[in-house]
Student: 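Below is the structure I would like to discuss, written out as structure tokens.
Just so it is clear, the values below take in all heavy atoms, side chains as well, and ignore hydrogens, waters and symmetry mates.
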Amino acid sequence: MPSASRKPLLISAGVAAAALTLGLVSWQATAPDAKPGRAPAAAPAPEAAPELKALARRDAGDKLATGRPDAPVVLIEYSDFKCGYCAKFARDTEPELVKKYVADGTLRIEWRNFPIFGAESEAAAKAAWAAGQQDRFAAFHEAAYAEGAKEKGFGEARLTELAREAGVPDLERFKADMAGEAATAALRRDQEEGYRIGVQSTPSFLVGGRPLAGAQPLEAFTAAVARAKAEAEAAAGR
């Protein structure tokens with residue numbers, strides 16, 4: 001699983017220097033073996049950090065998120081559509097988390113576009129955002145991560161084909177949104193957030209403020225969600 005080739009951006013505002021330090025250490029502590037072809041392994045969860053928990057946007061209008069804005073646990077996912085391990089998580093693990101935790105109101109999943117594999121990765125990220133503007137992000141996400149999808153590439157014609165497959169109703173609007181400044185701004189916001197907290201590879205996650213790196217087994221995510229839920233309930237005095 002390759003690491004990001006771009007260097008982290010300088011911090012101007014937002015997450016404090018202490019949060020950045022914690023983020024860098026935590027991602028490294030949970031990062032799987034990055035050798036190509038080797039599946040990531042589970043690692044002990046680091047401590048939650050208020051600064052990282054605060055990154056959950058909980059925006060009811062976020063078209064790239066699923067689950068209740070007031071869910072006790074927020075999972076933030078930093079992913080790239082050309083990443084094979086991201087696809088594995090999307091196909092094998094995320095549906096189980098949605099079925100088990102999103103459906104009952106425990107979990108909210110917030111997507112962050114974090115393209116690290118070049119121009120096609122960025123184009124796919126903008127296309128996913130554009131599909132989301134017509135409430136078809138989830139369907140586009142599923143189509144783009146389907147078995148064999150990334151091998152077909154993410155050129156302009158292919159992205160339009162994926163949008164059609166996802167049921168995006170207005171393809172001309174989709175193309176305009178994909179090429180617009182708003183898509184670029186949304187992408188940069190997500191990227192800068194990831195670099196600021198030390199994300200170096202995809203997929204990377206925050207679960208209740210705890211970093212979790214790699215497409216680890218379902219059990220690693222269920223344990224992380226259960227722990228975050230227990231902490232949220234304890235903080236609420238339940």
Side-chain angles (χ1 to χ4, degrees), residues 1-4 8 15 18-35 38-58 62 64-67 71-81 83-102 106-116 141 145 190-235:
M1 184 170 53
S3 297
V15 179
L20 175 68
T21 301
L22 174 61
L24 287 168
V25 171
S26 298
W27 292 117
Q28 291 168 357
T30 62
D33 191 330
K35 292 180 181 179
R38 181 170 297 180
E47 291 303 309
E51 296 88 349
L52 298 181
K53 288 182 71 173
L55 293 175
R57 296 171 186 171
R58 295 184 179 276
D62 186 348
L64 277 60
T66 184
V73 183
V74 176
L75 181 155
I76 302 174
E77 175 185 357
Y78 300 87
S79 283
D80 183 320
F81 283 103
C83 164
Y85 284 125
C86 299
K88 178 176 175 57
F89 173 80
R91 292 195 299 265
D92 300 343
T93 305
E94 189 170 15
E96 295 301 315
L97 295 177
V98 170
K99 187 189 307 180
K100 185 175 179 66
Y101 296 115
V102 174
T106 297
L107 182 67
R108 175 176 174 82
I109 299 175
E110 295 187 353
W111 173 269
R112 303 288 190 266
N113 274 308
F114 199 74
I116 60 175
H141 174 278
Y145 277 139
D190 287 354
Q191 286 181 308
E192 289 174 12
E193 178 183 294
Y195 284 124
R196 212 162 53 227
I197 63 172
V199 176
Q200 297 180 9
S201 60
T202 56
S204 288
F205 308 88
L206 290 174
V207 185
R210 279 189 176 81
L212 187 63
Q216 297 189 25
L218 175 62
E219 292 76 16
F221 287 93
T222 57
V225 171
R227 183 175 183 180
K229 180 183 179 183
E231 289 175 346
E233 290 177 345

Student: Taking C-beta and beyond as the side chain, do Leu75 and Phe221 meet within less than 4.5 Å on heavy atoms?
Tutor: yes

Student: Grab the two heavy atoms, one from Gln216 and one from Thr93, that are nearest each other, plus how far apart they are.
Tutor: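 Here Gln216 and Thr93 meet closest at O-OG1, 4.3 Å.
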
Student: Does Glu110 use its side chain to pair, donor to acceptor, with the backbone of Arg58 at less than 3.5 Å?
Tutor: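 It does hold such a pair.
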
Student: Looking only at heavy atoms, what is the nearest atom pair of Ala228 and Val207, with distance?
Tutor: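 So the two residues come closest at CB-O, 4.4 Å.
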
Student: For the residue pair Lys229 and Val73, what are the closest heavy atoms and their distance?
Tutor: N-CG2, 3.4 Å

Student: How close do Asp190 and Asn113 get, counting heavy atoms only, and between which atoms?
Tutor: OD2-N, 2.9 Å

Student: Take Asp92 and Leu218 through the side chain to side chain contact (heavy atoms under 4.5 Å, CB included) test and state the conclusion after the steps.
Tutor: CA-CA 8 Å; Asp92 300 343; Leu218 175 62; over 6 Å; no

Student: If you round to the nearest 0.5 Å, how far is NZ of Lys99 from CD of Glu96?
Tutor: 4.0 Å

Student: Which heavy atom of Pro95 sits nearest to which heavy atom of Ala90, and what is that distance?
Tutor: CD-O, 3.1 Å

Student: With rounding to the nearest 0.5 angstrom, report the CD to NE2 distance, Glu77 to His141.
Tutor: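 Result: 5.5 Å between the selected atoms.
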
Student: Is the shortest side-chain heavy-atom distance between Pro203 and Lys88 below 4.5 Å?
Tutor: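 Counting from C-beta outward, Pro203 and Lys88 never come under 4.5 Å.
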
Student: Could you go step by step and tell me if Tyr145 and Ser79 meet the side chain to side chain contact (heavy atoms under 4.5 Å, CB included) rule?
Tutor: CA-CA 11 Å; Tyr145 277 139; Ser79 283; 3.7 Å; yes

Student: Are Lys53 and Glu231 ion-paired here, with the side-chain N under 4.0 Å from a carboxylate O?
Tutor: no

Student: Quick one: are the ring centres of Phe89 and Trp111 less than 6.0 Å apart?
Tutor: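 That pair fails the under 6.0 Å test.
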
Student: Let me confirm one number: the CZ-CZ distance from Arg112 to Arg57, rounded to the nearest 0.5 Å.
Tutor: 3.5 Å

Student: Indicate the atoms forming the closest heavy-atom contact of Leu107 with Ala71, along with that distance.
Tutor: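 In terms of heavy atoms, the two residues are closest at C-CB, 3.8 Å.
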
Student: Would you please classify the geometry between the Phe114 ring and the Tyr78 ring as parallel, tilted or perpendicular, with 30° and 60° separating the classes?
Tutor: perpendicular

Student: Can you check whether Asp62 reaches Arg108 side chain to side chain, under 4.5 Å on heavy atoms?
Tutor: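 Asp62 reaches Arg108 side chain to side chain.
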
Student: If you measure from CD1 on Ile109 to CG on Leu97, what distance do you get to the nearest 0.5 Å?
Tutor: 5.5 Å

